[in-house]
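See below for the structure under consideration.
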Amino acid sequence: AVFFVIELSLRMGLERLLFIFGAEWKWNLFDSILVLMSLSDLISHGTDSGSLGGAAVGRILRLSRFFALMRLSRVMRQLPSLRIILMSILDSMISLVWCFLFIAFIMYVFAVFIVY
């Protein structure tokens, strides 16, 4: 969270009015919302850790951190080779699951043979 606050404040200082009115204003707004939610999570988690309402708010705010992965789409737009690598890793996950299932089945069969 501290890194994102520093990054956002540096960008605000360098871009000034372009931060709000520039071509990337939507991404800047998105980043600002994420940083504010992260800071509010840190504040609420640190001050109100005992109550049930604070825990629910904390969970919701922690779930919002997932949207920080949306920042990756900006990088992927500029680096097509990174996108190819990530897509190949994601596409190979199905084969990897089947390999693990097959290995587990083989281990199960050998365990049954060894026990009997």
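All values below come from the heavy atoms of this structure, side chains included, with hydrogens, waters and symmetry mates left out. All residue numbers refer to positions in the sequence shown, counting from 1.
A 6.0 Å sphere centred on CG of L10 holds more than 12 heavy atoms belonging to other residues, nucleotides or ligands.
Looking at I33 and F30, their side chains never come closer than 4.5 Å, going by heavy atoms from C-beta outward. Side-chain contact check for L8 versus F19: some heavy-atom pair is nearer than 4.5 Å.
L36 and V5 are assigned to two separate hydrophobic clusters, defined by single-linkage of ILVMFWY side chains at heavy-atom distances under 4.5 Å. Two different hydrophobic clusters hold L14 and F21 under the rule that ILVMFWY side chains link at heavy-atom gaps under 4.5 Å.
The shortest non-hydrogen separation linking I20 to W25 is O-CB, 3.0 Å.
In this structure, CH2 in W27 is found 10.0 Å from CG in L34, a value given to the nearest 0.5 Å. Taken from CZ in R11 to CD1 in I6, the straight-line distance is 13.5 Å, to the nearest 0.5 Å.
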Report, one line per pair, each donor and acceptor closer than 3.5 Å where one atom sits in a side chain of residues 102-112; sequence neighbours left out.
none

Donor-acceptor contacts under 3.5 Å from residues 85-95 side chains, at least two apart:
from	atom 1	to	atom 2	distance (Å)
S88	OG	I84	O	3.2
S88	OG	I85	O	2.7
S92	OG	S88	O	3.3
S92	OG	I89	O	2.8

